[in-house]
Each structure stands twice: as structure tokens, then as C-alpha cells.
Asks: 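I have a structure here, written as C-alpha cells, and I will follow up with some questions on it.
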Amino acid sequence: GDSVTQMEGPVTLSEEAFLTINCTYTATGYPSLFWYVQYPGEGLQLLLKATKADDKGSNKGFEATYRKETTSFHLEKGSVQVSDSAVYFCALSEGNTPLVFGKGTRLSVIA
Amino acid sequence: DAGVIQSPRHEVTEMGQEVTLRCKPISGHNSLFWYRQTMMRGLELLIYFNNNVPIDDSGMPEDRFSAKMPNASFSTLKIQPSEPRDSAVYFCASSSGGPGEKLFFGSGTQLSVL
């Protein structure tokens with residue numbers, strides 16, 4: 001079945017560092033891809049999405065590009081802030097099926 | 001809008017007791033999902049409803065788990081009897097489109113079974 005693999009955390013960065021969180025997927029068709037973020041003590045919330053190959057999703061300085069040839073959807077941000085500390089989940093949905101989530105990557109940004 | 005509301009936020013119970021988790025989805029949303037989050041398994045879909053009808057409950061771990069959605073504004077997830085391995089954070093989420101649409105999550109219920 002469909003699956004999502006994320007890089008294991010935790011990831012610890014200094015403020016203003018460049019962030020990359022890797023995500024690759026396995027799907028039989030052409031899924032939509034998502035990044036969700038979970039701040040401490042809260043539920044997940046949608047960060048960005050892309051629905052077809054070569055689409056770039058972006059929000060709050062984060063970006064991810066749907067790469068069909070490498071089945072990847074890596075999350076990037078040029079300059080992280082302490083407030084970006086959270087757990088980031090990559091997810092996919094194919095057709096009319098519920099979201100399948102990766103295991104999450106914890107990011108800690110230190111001042 | 002108040003968002004997805006879950007109760008209780010925290011639940012501590014003893015093994016063998018019945019546990020009921022509650023969820024109020026966002027008004028107008030027609031899909032509701034129950035997820036379980038653990039360190040080992042990450043986020044697992046337990047069951048989802050569309051227009052109050054259970055569509056897929058293949059993620060429900062075993063017969064001790066049951067879920068209901070008696071109307072569009074309320075759902076419950078019940079565990080009877082509870083076991084220590086059920087300890088996890090349980091999230092409810094809702095969406096206005098199909099199951100692959102943007103999900104709105106509640107703040108979760110932290111369940112500890114002693």
C-alpha cells in the first residue's frame with residue numbers, strides 16, 4: 001500500500017540555519033502530497049500541499065516541491081526561527097483515500 | 001469557528017476500565033477521522049466517517065475499540081476494557097471534502113492506562 005518515509009529526527013539547528021527534512025513516498029498512482037506541523041501540546045495543522053508533479057507548495061517561508069521522478073517532497077526553509085520548533089509530518093493521499101502520514105520529524109531550533 | 005473540540009484533554013485510568021473519548025467536529029464538515037499517535041508507530045488512522053457513516057474501520061486495533069457518530073456534530077471512541085498498551089494520544093480530525101482533503105485536528109486526548 002501507499003507509504004511515506006521521513007528522515008528520522010530529532011533535528012537540532014541554530015537560529016537562521018537552513019532546514020531540509022527529507023520525505024519520500026510510495027504510491028500506485030498520482031497522490032497529493034502534504035506537510036503538516038504539530039506544535040507542542042497541539043493537533044496537527046496543514047503547512048503546505050502540492051497536488052501534481054513539479055508543483056511547489058509554500059507557506060510561512062517553508063517550501064516543498066513535488067518530484068515525481070524521485071518520488072520525493074522534501075521540506076525546506078532558508079532561515080529557521082526558534083518558533084519553528086515542532087514536529088513535521090509528511091503525508092499523502094491518493095484518490096479518495098484518507099491521508100497516510102510519515103512518522104514525523106522533530107525539529108528543535110536553538111537561539 | 002471553535003475548531004475541532006476533543007474531551008477530555010487528559011485521561012488517566014486503570015487497566016480494565018472503560019474509556020470514552022469525545023469529539024465535536026467543525027460545523028459543516030462531513031468527514032471525521034480518529035487517529036492514534038504513539039512514539040513507536042507514529043500517527044495511525046483508526047476509523048473514519050463520511051456523513052456520519054463509518055467508511056473504513058480497518059485501523060481499529062481490536063474488538064475492544066468501537067466508534068460511533070450518532071449525528072453530524074458528535075463522535076465517540078470507546079475502549080472497553082482498556083489496557084496499558086492503549087496509552088497514546090488520540091486525535092480527532094474533520095474535513096469538508098473527501099478523505100484526502102485538508103484535515104483540521106483537535107488538540108488530542110492524552111490517555112494513560114495504568
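Computed over heavy atoms, backbone and side chain alike; hydrogens, waters and symmetry mates excluded. Quick note on labels: first sequence line is chain A, next is B, and so on, each numbered from 1.
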Asks: Given the options B:F91, B:F104, B:F105, which has more heavy-atom pairs under 4.5 Å with chain A than any of the others?
Replies: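 Of the options given, most contacts go to B:F105.
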
Asks: Please say yes or no: joined through hydrophobic side-chain contacts below 4.5 Å, possibly via intermediate residues, are B:M69 and B:L46 part of one cluster?
Replies: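 Linked within one cluster.
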
Asks: Flag yes if B:Y90 and B:L45 sit in one hydrophobic cluster, no otherwise; membership is Ile, Leu, Val, Met, Phe, Trp, Tyr, and two members link when side-chain heavy atoms are under 4.5 Å apart.
Replies: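 Different clusters.
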
Asks: Which pair of heavy atoms, one from A:L99 and one from B:Y35, lies closest together, and at what distance?
Replies: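 Nearest heavy atoms, A:L99 then B:Y35: O-OH, 3.4 Å.
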
Asks: Do B:V19 and B:L77 sit in one hydrophobic cluster, given that two such residues count as connected whenever their side-chain heavy atoms are within less than 4.5 Å of each other, even indirectly?
Replies: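 As far as the 4.5 Å side-chain criterion goes, B:L77 and B:V19 are connected within one cluster.
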
Asks: Surrounding CG of B:D63 (heavy atoms of other residues, nucleotides or ligands, distance under 6.0 Å), is the total greater than 12?
Replies: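 Counting neighbours around CG of B:D63, 12 or fewer heavy atoms of other residues, nucleotides or ligands fall under 6.0 Å, so no.
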
Asks: Establish whether A:F89 and A:L107 are linked, either directly or via other cluster members, by ILVMFWY side-chain heavy-atom contacts under 4.5 Å.
Replies: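 Each belongs to a different hydrophobic cluster.
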
Asks: Mind checking whether B:L32 and B:I26 sit in one hydrophobic cluster, side chains of I, L, V, M, F, W, Y counted as touching below 4.5 Å?
Replies: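 As far as the 4.5 Å side-chain criterion goes, B:I26 and B:L32 are not connected within one cluster.
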
Asks: How about CD on A:E15, more than 12 heavy atoms from neighbouring residues, nucleotides or ligands closer than 6.0 Å, or not?
Replies: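 Buried by this count: over 12 neighbours within 6.0 Å.
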
Asks: Does B:Q80 CD have over 12 foreign heavy atoms under 6.0 Å away?
Replies: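 Yes, the 6.0 Å shell around CD holds more than 12 heavy atoms from other groups.
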
Asks: Using non-hydrogen atoms and a 4.5 Å limit, figure out which bit of B:Q110 sits close to chain A: side chain, backbone, both or neither.
Replies: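 Neither part.
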
Asks: As an exercise, state the distance from CZ of A:F101 to CD of B:Q37, rounded to the nearest 0.5 Å.
Replies: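 Reported to 0.5 Å precision, the distance equals 10.0 Å.
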
Asks: Could you look at B:R9 and say if it's the side chain, the backbone, both or neither that has a heavy atom under 4.5 Å from chain A?
Replies: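 Interface part for B:R9: side chain.
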
Asks: Listed by residue number, which members of residues 30-49 of chain A have a heavy atom under 4.5 Å from any heavy atom of chain B?
Replies: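 From residues 30-49 of chain A, the residues near chain B are A:F34, A:Y36, A:Q38, A:G41, A:E42, A:G43, A:L44, A:L46.
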
Asks: Under 4.5 Å, heavy atom to heavy atom: which of residues 62-86 of chain A reach chain B? Give them by number, or say none.
Replies: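 Against chain B, none of the residues of residues 62-86 of chain A fall inside the cut-off of heavy atoms under 4.5 Å.
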
Asks: Considering only heavy atoms, which portion of B:M40 lies under 4.5 Å from any heavy atom of chain A: side chain, backbone, both, or neither?
Replies: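 Interface part for B:M40: backbone (N, CA, C, O).
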
